[in-house]
**Student:** 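Take a look at the following structure, please.
Residues take their numbers from the sequence shown, with the count starting at 1. Model, not experiment: these values are computed from the prediction. Side chains are part of it too, since the values below use all heavy atoms of this structure and drop only hydrogens, waters and symmetry mates.
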Amino acid sequence: MMAELANCIRCDKLFAKTTRPICQDCFKEDEKKYQIVYNFLKIRKNREATVPEIVEETGVEYDLIMQFVKDKRLRQSQFPNIGYPCERCGKEIGTGKLCDDCVDSIQSDINHHTQVEEVKQRNEKESKKITYFTRD
């Protein structure tokens, strides 16, 4: 299988794209930044740092730290104050794309919609029943 040529989304350099949208040089730079963040968080007093505090102390970009969290390289179970925003309401979460409240709300909406559809179908079936009357 041959890799396709692509431009790096960071530096626009042409490279052979495999699984990442960035070139090897940018990937190495990201790995260095990951080590900076991880080394900062390894220190006991820093384990409860928030993302803005990590950005301030390490100089690593917010978006890159968020990518480390989304890629599960930095886990909320190890570092309880790092998370990323729910895609629906913005509440900070540590896994998935939606917070529990949004998942519950969406599930409730789906259940309600399903019940409404069932009632509509039942009413349609009832209205299709034909009643015959006879006269004596």
Side-chain angles (χ1 to χ4, degrees):
M1 179 169 114
M2 291 189 58
E4 67 179 84
L5 291 179
N7 289 82
C8 175
I9 61 172
R10 296 239 180 86
C11 69
D12 208 34
K13 181 171 118 181
L14 190 63
F15 73 107
K17 182 178 178 182
T18 52
T19 57
R20 295 183 294 266
I22 57 175
C23 68
Q24 189 64 24
D25 293 338
C26 289
F27 176 74
K28 285 179 183 176
E29 188 63 31
D30 285 357
E31 286 304 300
K32 286 178 189 174
K33 290 179 180 181
Y34 171 77
Q35 280 305 313
I36 291 169
V37 170
Y38 189 75
N39 289 336
F40 172 76
L41 290 171
K42 274 193 328 189
I43 299 168
R44 182 179 299 256
K45 69 176 184 166
N46 296 338
R47 288 186 186 153
E48 293 191 21
T50 63
V51 175
E53 291 170 342
I54 298 168
V55 170
E56 186 177 320
E57 293 295 322
T58 64
V60 175
E61 302 85 7
Y62 176 87
D63 291 338
L64 190 54
I65 294 171
M66 288 293 94
Q67 193 60 51
F68 296 152
V69 175
K70 286 181 181 179
D71 292 345
K72 297 183 179 160
R73 296 185 73 191
L74 298 174
R75 296 176 187 259
Q76 204 171 30
S77 59
Q78 294 173 304
F79 312 111
N81 292 329
I82 35 179
Y84 51 94
C86 167
E87 290 186 5
R88 186 169 183 231
C89 71
K91 178 180 172 184
E92 194 168 284
I93 57 175
T95 60
K97 293 185 177 196
L98 301 172
C99 68
D100 291 340
D101 292 339
C102 287
V103 169
D104 291 344
S105 172
I106 291 170
Q107 189 61 51
S108 175
D109 290 348
I110 290 171
N111 290 341
H112 176 73
H113 179 73
T114 302
Q115 289 173 349
V116 167
E117 287 300 312
E118 287 173 356
V119 169
K120 279 183 184 177
Q121 288 176 358
R122 226 176 304 138
N123 288 342
E124 285 176 11
K125 284 181 182 177
E126 290 295 320
S127 69
K128 288 183 181 179
K129 287 183 180 177
I130 300 174
T131 305
Y132 293 97
F133 295 96
T134 59
R135 283 173 113 179
D136 283 337

**Student:** Does some side-chain heavy atom of Cys99 sit less than 4.5 Å from a side-chain heavy atom of Glu92?
**Tutor:**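 No, their side chains stay 4.5 Å or more apart.
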**Student:** Taking the side chain as C-beta and beyond, is there a heavy-atom pair between Val116 and His112 under 4.5 Å?
**Tutor:** yes
**Student:** Once you round to the nearest 0.5 Å, how far does OH of Tyr38 lie from CD of Gln78?
**Tutor:** 5.5 Å
**Student:** Kindly write out the residues that satisfy salt bridge (Lys or Arg N to Asp or Glu O under 4.0 Å) with Asp101, not counting sequence neighbours, or none if the list is empty.
**Tutor:**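 Scan of Asp101 (salt bridge (Lys or Arg N to Asp or Glu O under 4.0 Å), adjacent residues dropped) gives Lys91.
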**Student:** I'd like to know if Phe27 and Ile36 are part of one continuous hydrophobic network [Ile/Leu/Val/Met/Phe/Trp/Tyr, side-chain heavy atoms within less than 4.5 Å].
**Tutor:** no
**Student:** With side-chain contact (heavy atoms from CB on, under 4.5 Å) as the criterion, how do Lys13 and Asp25 come out once you've worked through the C-alpha distance, each side chain's angles and the decisive distance to 0.1 Å?
**Tutor:** CA-CA 10 Å; Lys13 181 171 118 181; Asp25 293 338; 2.4 Å; yes
**Student:** Using 0.5 Å steps for rounding, measure from the OG1 atom of Thr114 to the CD atom of Glu118.
**Tutor:** 6.5 Å
**Student:** Would you mind reporting whether Arg122 and Val119 have side-chain heavy atoms less than 4.5 Å apart?
**Tutor:**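 Touching, per the 4.5 Å side-chain cut-off.
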**Student:** Count I, L, V, M, F, W, Y as connected when their side-chain heavy atoms are under 4.5 Å apart, and connections chain through other members. Are Val69 and Leu98 then in the same cluster?
**Tutor:**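 Val69 and Leu98: separate clusters.
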**Student:** Does atom CG (Asn39) have a neighbourhood of more than 12 heavy atoms from anything else shown, all under 6.0 Å?
**Tutor:** yes
**Student:** Indicate if Val103 and Ile110 have the same hydrophobic cluster label, given that clusters are the connected sets of ILVMFWY residues with side-chain heavy-atom separations under 4.5 angstrom.
**Tutor:**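 Val103 and Ile110: one cluster.
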**Student:** Any chance you could measure Ile65, atom CD1, to Phe40, atom CZ, to the nearest 0.5 Å?
**Tutor:**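 That separation rounds to 9.0 Å.
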**Student:** Over all heavy atoms of both residues, which pair between Gly90 and Pro85 is shortest? Give the atoms and the distance, please.
**Tutor:**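 That would be O-CB, 3.6 Å.
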**Student:** Could you walk me through whether Val51 and Met66 pass the side-chain contact (heavy atoms from CB on, under 4.5 Å) check?
**Tutor:** CA-CA 8 Å; Val51 175; Met66 288 293 94; 3.4 Å; yes
**Student:** For Leu64 and Val60, which heavy atoms make the closest approach, and how far apart are they?
**Tutor:**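 Scanning both residues completely, I find the closest heavy atoms to be CD2-CG1, 4.1 Å.
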**Student:** Looking only at heavy atoms, which two atoms of Phe68 and Asp30 are closest? And how far apart?
**Tutor:**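 Heavy-atom minimum between the residues: CZ-O, 3.6 Å.
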**Student:** Rounded to the nearest 0.5 Å, how far apart are CG of Asp71 and OH of Tyr34?
**Tutor:**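 If we round to the nearest 0.5 Å, Asp71:CG and Tyr34:OH are 10.0 Å apart.
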**Student:** Consider only side-chain N and O atoms of Gln67 and Asp63, and report whether a donor and an acceptor are under 3.5 Å apart.
**Tutor:**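 No, because no side-chain N or O of Gln67 sits under 3.5 Å from a partner of the opposite role on Asp63.
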**Student:** Could you tell me whether the side chain of Arg47 reaches within less than 4.5 Å of the side chain of Lys42, counting heavy atoms only?
**Tutor:** no
**Student:** Do Ser105 and Arg88 pass the side-chain contact (heavy atoms from CB on, under 4.5 Å) test, and can you show the C-alpha distance, the side-chain angles, and the key distance before you say yes or no?
**Tutor:** CA-CA 11 Å; Ser105 172; Arg88 186 169 183 231; 3.5 Å; yes
**Student:** Can you tell me how far apart CD1 (Ile54) and CG (Leu74) are? Round to the nearest 0.5 Å.
**Tutor:** 7.0 Å
**Student:** Checking the side chain of Asn46 only, and the main-chain atoms of Leu41 only, is there a donor and an acceptor separated by less than 3.5 Å?
**Tutor:**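 No: the side chain of Asn46 does not pair with the backbone of Leu41.
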**Student:** Is a side-chain donor or acceptor of Arg10 paired with a backbone partner of Ile22 at a separation under 3.5 angstrom?
**Tutor:**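 Pair absent, no side-chain N/O of Arg10 close to backbone of Ile22.
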**Student:** Which pair of heavy atoms, one from Arg20 and one from Lys17, lies closest together, and at what distance?
**Tutor:** O-CG, 3.5 Å
**Student:** Keeping the roles fixed (side chain from Ser108, backbone from Asp104), state whether a donor-acceptor pair exists under 3.5 Å.
**Tutor:** no
**Student:** Could I get the full list of salt bridge (Lys or Arg N to Asp or Glu O under 4.0 Å) partners for Arg73, not counting sequence neighbours?
**Tutor:**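 Scan of Arg73 (salt bridge (Lys or Arg N to Asp or Glu O under 4.0 Å), adjacent residues dropped) gives Glu31.
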**Student:** Are Gln24 and Phe15 packed together at the side-chain level, in the sense that at least one heavy-atom pair is separated by less than 4.5 angstrom?
**Tutor:** no
**Student:** Look at the side chain of Asn81 and the backbone N and O of Glu48, then say whether any donor-acceptor pair between them is shorter than 3.5 Å.
**Tutor:**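 At least one qualifying donor-acceptor pair exists.
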**Student:** Roughly how far, to the nearest 0.5 Å, is CG of Asn7 from CG of Leu14?
**Tutor:** 5.5 Å
**Student:** Between Glu53 and Thr50 (side chain of the first, backbone of the second, donor and acceptor by atom type, cut-off under 3.5 Å), is there such a pair?
**Tutor:**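 A pair under 3.5 Å: yes.
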